[in-house]
J.: 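Below is a structure I'd like to ask you about.
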Amino acid sequence: MKPLEPAPFPRPAGVREAAAIQRALRDRVILEGELSVVRYLAALDASHPTRFSKVQGASVAAAVLWDRQEGRVLEVATASVPEAELFPYIPGFLSFREAPSYLAALGRLSRRPEMLLVDGMGIAHPRAFGIASHLGVHLDLPSVGVGKTLLYGRPEAELPRAAGSAVRLLGREGPVGWLLRSREGVQPLVVSPGHRVSLEGALEFVRSLLGKTRLPEPLRQAHVHAGEARRTLGG
DNA sequence: GCGACAG
DNA sequence: ATCTTGTCGC
């Protein structure tokens, strides 16, 4: 990250403190904005070695800088954080486990992206502050969450089978995201705004990145590279 | 108390 | 997330 050093990402002592941090930061989320003019984005995904692998367990992250205009990968950066430093995986608190390695990978890109596409939830989260929102607020960047399974929210209606169809996800106080059928016959993606983007803007942006596979292409690339990086390290 | 539970 | 080959279905 060229412009400025990212603020340190605090590691909570437990879920109690983690939840308090989420509740304290969620009010900073801005659910407005549109991303149609974004050209350079960073897609983030992580891979984790099983315990008892060659190297110590770790979170291996990949940040893929994607050129939306050219429709191709410009740059790939990876980074890992030792298991000993990681917060455990607890549903609802994913950001405290994976954000540190994501931030490290992002810091190795030659430039700051215009927005972040994150594997996980935005506001479709029990406390409206999933990992996409957390990273977006932390770095003051627009962000969108793309999850593979549902964590929070109820589909407003039955999702049509056709590729590209979407239905809203409803939380307690209103819509929190979308179920998006990225391809015909596949399990839907969970799309939700992270930060500085509207509900509709998040959906349209993800739609613009869909290719021939279930996941939007930048995230699929990040997934592949995170896995390769992990195996290269002996995981 | 019971069920749910991103990666 | 990870352990894993071939196989069924669009």
J.: Taking CD from A:Q187 and P from C:dG9, how many angstroms apart are they, rounded to a whole number?
T.: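 Atom CD in A:Q187 sits about 17 Å away from atom P in C:dG9.
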J.: Between B:dC5 atom C1' and A:F96 atom CZ, what is the distance in whole Å?
T.: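 In whole Å, B:dC5 C1' lies 17 Å from A:F96 CZ.
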J.: Tell me the interatomic distance from A:M121, atom CE, to C:dA1, atom P, rounded to whole angstroms.
T.: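 In whole Å, C:dA1 P and A:M121 CE are 12 Å from each other.
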J.: Considering only NZ, NE, NH1 and NH2 on the basic side and carboxylate oxygens on the acidic side, decide whether A:R207 and A:E204 come within less than 4.0 Å.
T.: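 Yes, A:R207 and A:E204 are salt-bridged.
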J.: Would you classify A:I131 as touching base, sugar-phosphate or nothing, given that sugar-phosphate means primed atoms plus P, OP1 and OP2, and contacts are heavy atoms under 4.0 Å?
T.: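 Base: the residue A:I131, judged by heavy atoms under 4.0 Å, touches a nucleobase.
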J.: What's the CZ-P distance between A:R214 and C:dC10, to the nearest Å?
T.: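 Answer to the nearest Å: 18 Å.
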J.: Do the side-chain N or O atoms of A:K148 get closer than 4.0 angstrom to the phosphate oxygens (OP1, OP2) of B:dA6?
T.: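 No, no such contact exists.
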J.: Of A:H223 and A:E184, whose closest DNA chain C nucleotide lies nearer the 5' terminus?
T.: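 Counting from the 5' end, the first nearest nucleotide belongs to A:H223.
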J.: Do the side chains of A:R220 and A:D45 get close enough for a salt bridge, i.e. N-O under 4.0 angstrom?
T.: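 Here A:R220 does not pair with A:D45 in a salt bridge, since their nearest N and O are not under 4.0 Å apart.
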J.: Measure from CG on A:L117 to P on B:dA6 and round the result to the nearest Å.
T.: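 Atom CG in A:L117 sits about 19 Å away from atom P in B:dA6.
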J.: Using 30° and 60° as the class limits, which term best fits the ring planes of A:F96 and A:F9: parallel, tilted or perpendicular?
T.: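 A:F96 and A:F9: tilted rings.
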J.: For A:H134 and A:E98, test the side chains for any donor-to-acceptor distance below 3.5 angstrom and give the result as yes or no.
T.: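 A:E98 and A:H134 do not have a side-chain donor-acceptor pair below 3.5 Å.
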J.: Please state how far atom CG in A:L151 lies from atom C1' in B:dA6, giving the value in whole angstrom units.
T.: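 Whole-Å distance recorded here is 5 Å.
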J.: The side chain of A:P91 lies closest to which of these nucleotides: B:dG7, C:dT2, B:dC5?
T.: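 Out of B:dG7, C:dT2, B:dC5, the nucleotide with an atom closest to A:P91's side chain is B:dC5.
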J.: Can you measure A:E228 atom CD to C:dA1 atom C1' for me and round it to whole angstrom units?
T.: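 It works out to 17 Å between those atoms.
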J.: What I want to find out is whether A:E83 reaches A:R97 closely enough, with some N-O distance under 4.0 Å, to be called a salt bridge.
T.: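 Looking at A:E83 and A:R97, the cut-off is met.
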J.: What do you reckon, do A:Y89 and the base of B:dG7 stack, with centroid distance below 5.5 Å and planes below 30°?
T.: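 It does: the two rings, one from A:Y89 and one from B:dG7, meet the stacking criterion.
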J.: Give a yes/no on whether any side-chain N or O of A:T50 is located under 4.0 angstrom from OP1 or OP2 of C:dA1.
T.: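 No, A:T50 has no side-chain N/O under 4.0 Å of OP1/OP2 on C:dA1.
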J.: Would you say A:T149 places a side-chain N or O within less than 4.0 Å of OP1 or OP2 belonging to B:dG7?
T.: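 Result: yes.
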J.: Scan A:Y152 against the nucleic acid and name what it touches under 4.0 Å (heavy atoms): base, sugar-phosphate only, or nothing.
T.: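 No contact.
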J.: So does A:R230 get a side-chain nitrogen or oxygen closer than 4.0 Å to the phosphate oxygens (OP1/OP2) of C:dT2?
T.: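 Checking C:dT2 against A:R230, a side-chain N or O does come within under 4.0 Å of OP1 or OP2.
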J.: A:R97 has an atom CZ; how far is it from atom P of B:dC5, in whole Å?
T.: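 Checked: the CZ to P distance equals 20 Å.
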J.: The side chain of A:R161 is closest to which nucleotide in this list: C:dC3, B:dG7, C:dC10?
T.: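 Within the option list, the nearest is C:dC10.
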J.: Classify A:H134 by what it touches in the nucleic acid, base, sugar-phosphate, or nothing, heavy-atom distance under 4.0 Å.
T.: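 Touches nothing.
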J.: Just checking A:G147: base, sugar-phosphate only, or nothing, at a heavy-atom cut-off of under 4.0 Å?
T.: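 Touches sugar-phosphate only.
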